[in-house]
There are 2 protein chains.
Amino acid sequence: MARTQGSHSDITGPRVREAALWLFARQGYAAVSMRQIAAEVGVQAGALYNYTPDKQTLLFDLMRAHLEDLLAAWDAAAPDASARDTLEAFTRFHIRFNTSRADAVFVSYMELRSLEPANFAVIEGLRRDYETRLETILRQGLAEGVFAVSEPRIAAMALIAMLTGVNTWFRAGGRLSLAQVEALYWDMVRKAVAV
Amino acid sequence: MARTQGSHSDITGPRVREAALWLFARQGYAAVSMRQIAAEVGVQAGALYNYTPDKQTLLFDLMRAHLEDLLAAWDAAAPDASARDTLEAFTRFHIRFNTSRADAVFVSYMELRSLEPANFAVIEGLRRDYETRLETILRQGLAEGVFAVSEPRIAAMALIAMLTGVNTWFRAGGRLSLAQVEALYWDMVRKAVAV
DNA sequence: GTCTATATTACGATAGAC
DNA sequence: GTCTATCGTAATATAGAC
């Protein structure tokens, strides 16, 4: 069945979000205009309002989708294993997932201050959920007696900050492969929490 | 000698930079208007142009001053000691300095993308200089045989990312004192690079 | 050095034709 | 669903009086 002439909603919607994510990552939410997003997609500015009620909701939806994807991907990948093996899996998962979605990671961290209070609370909650996943692994290792960290929550935030830092310098096709980067960081993580 | 009536340049200049830093940290460079900065200082927008040629230069000057301060402060504080002791000094210095200037740290990292190319190159050079300070300490420890890191440059970036992450959660007057936070992070840094 | 006033440009969002 | 046109607002930066 041919669609109505001029109807592209099922393809234009994703392209709007894609263009917005790309532009927000490079220029920042406040510096990007709806006209720029529209130009990137190849429509006029007014047409964007068929896909989002406003600019703020467009940002919020991008950030929420990213963090929900992150949590779902880890929950699907997390092994049922010892704390040591689970921490290695988390380390490698975090690096792989975040380097494969650099724009979404960047926007979800840098644009927290661009969110209205109600939206900020939702995003902040998802971020805390992810931190708690790692904190739980560290507490498991403490119980097993294989880790030594005096403040699991703070250690979790410190490790996540270190791992997310990969995105500031890693480029696919560079001197180091992703597997090598994972090994380098796992070595530091492993030792940092060691007894 | 009384100054000319209405002349406050020696005090207004610093207040403009102070207000701009505060607003840029909270709302982002692109989201802050010159009118807002002027209102914060208590002057009209036009008066700001006695202190900066334009908004971009105001941002650039703030970032450059912060990074030059950071480098000068470390160079003045760095001990002439073993790699292990110098790394501990660096860890504690970085946490103390960065938590005491949270707005400048935040702006200098988040607004890199708001800089024009020529300004970006200057700031990026200063940032690399700082990373090299830590990289040099790590190489010294490798030569002494007291550290084990296979990629000193990457380890330096990883450690700086971890340490700077303190700023995302630390608040003076909270449950942990700065000395306790320094000790927590030094424990992780020490182990992460250990043989 | 600061003010008022303004030139110029751009913004987010909406209305209504097709 | 997309377009053209536009409303109402706000931006950076400058000119000239005091």
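The sequence lines fix the lettering, A, B, ..., with proteins before strands; numbering per chain opens at 1.
- Legend: residues meeting side-chain contact (heavy atoms from CB on, under 4.5 Å) with A/Ala161, ordered by chain and number and at least two apart, are absent.
- Looking at residues two or more places apart in sequence or on another chain, you find no salt bridge (Lys or Arg N to Asp or Glu O under 4.0 Å) involving B/Arg171.
- Side-chain contact check for A/Ile160 versus A/Leu134: some heavy-atom pair is nearer than 4.5 Å.
- Contacts between residues 115-123 of chain B and DNA chain C, counted as heavy-atom distances below 4.0 Å, involve no residue at all.
- Applying a 4.0 Å cut-off to non-hydrogen atoms, the residues of residues 26-44 of chain A that approach DNA chain C are A/Val32, A/Ser33, A/Met34, A/Arg35, listed by residue number.
- By the side-chain contact (heavy atoms from CB on, under 4.5 Å) test, B/Gln44 is found to be paired with no residue, residues two or more places apart in sequence or in another chain being considered.
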Side-chain donor-acceptor pairs under 3.5 Å in residues 57-64 of chain B, sequence neighbours left out?
{"from": "B/Thr57", "atom 1": "OG1", "to": "B/Asp54", "atom 2": "OD1", "distance (Å)": "2.7"}
{"from": "B/Asp61", "atom 1": "OD1", "to": "B/Arg64", "atom 2": "NH2", "distance (Å)": "3.2"}

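- When the side-chain nitrogen and oxygen atoms of B/Thr12 are compared with OP1 and OP2 of C/dT2, one or more of them lie within a distance under 4.0 Å.
- Residues passing the salt bridge (Lys or Arg N to Asp or Glu O under 4.0 Å) test with B/Asp129, sequence neighbours excluded: none.
- Checked against salt bridge (Lys or Arg N to Asp or Glu O under 4.0 Å), A/Arg190 has the following partners two or more places apart in sequence or in another chain: A/Asp187.
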Counting only pairs under 3.5 Å, give me each side-chain donor-acceptor contact of residues 138-149 of chain A, with atom names and distances, residues two or more places apart or in other chains.
{"from": "A/Arg139", "atom 1": "NE", "to": "A/Glu135", "atom 2": "OE2", "distance (Å)": "3.1"}
{"from": "A/Arg139", "atom 1": "NH2", "to": "A/Glu135", "atom 2": "OE2", "distance (Å)": "2.9"}
{"from": "A/Gln140", "atom 1": "NE2", "to": "A/Ala81", "atom 2": "O", "distance (Å)": "3.3"}
{"from": "A/Gln140", "atom 1": "NE2", "to": "A/Glu144", "atom 2": "OE2", "distance (Å)": "3.1"}
{"from": "A/Glu144", "atom 1": "OE1", "to": "A/Ala83", "atom 2": "N", "distance (Å)": "3.4"}
{"from": "A/Glu144", "atom 1": "OE2", "to": "A/Ala83", "atom 2": "N", "distance (Å)": "3.3"}

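- Listed by chain and number, the residues in a side chain to side chain donor-acceptor pair (under 3.5 Å) with A/Tyr29 amount to none (sequence neighbours excluded).
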Dump the pairs, protein N or O against N or O of nucleotides 16-18 of chain D, anything under 3.5 Å, distances to one decimal.
none

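- By the salt bridge (Lys or Arg N to Asp or Glu O under 4.0 Å) test, B/Glu18 pairs with no residue at all, sequence neighbours left out.
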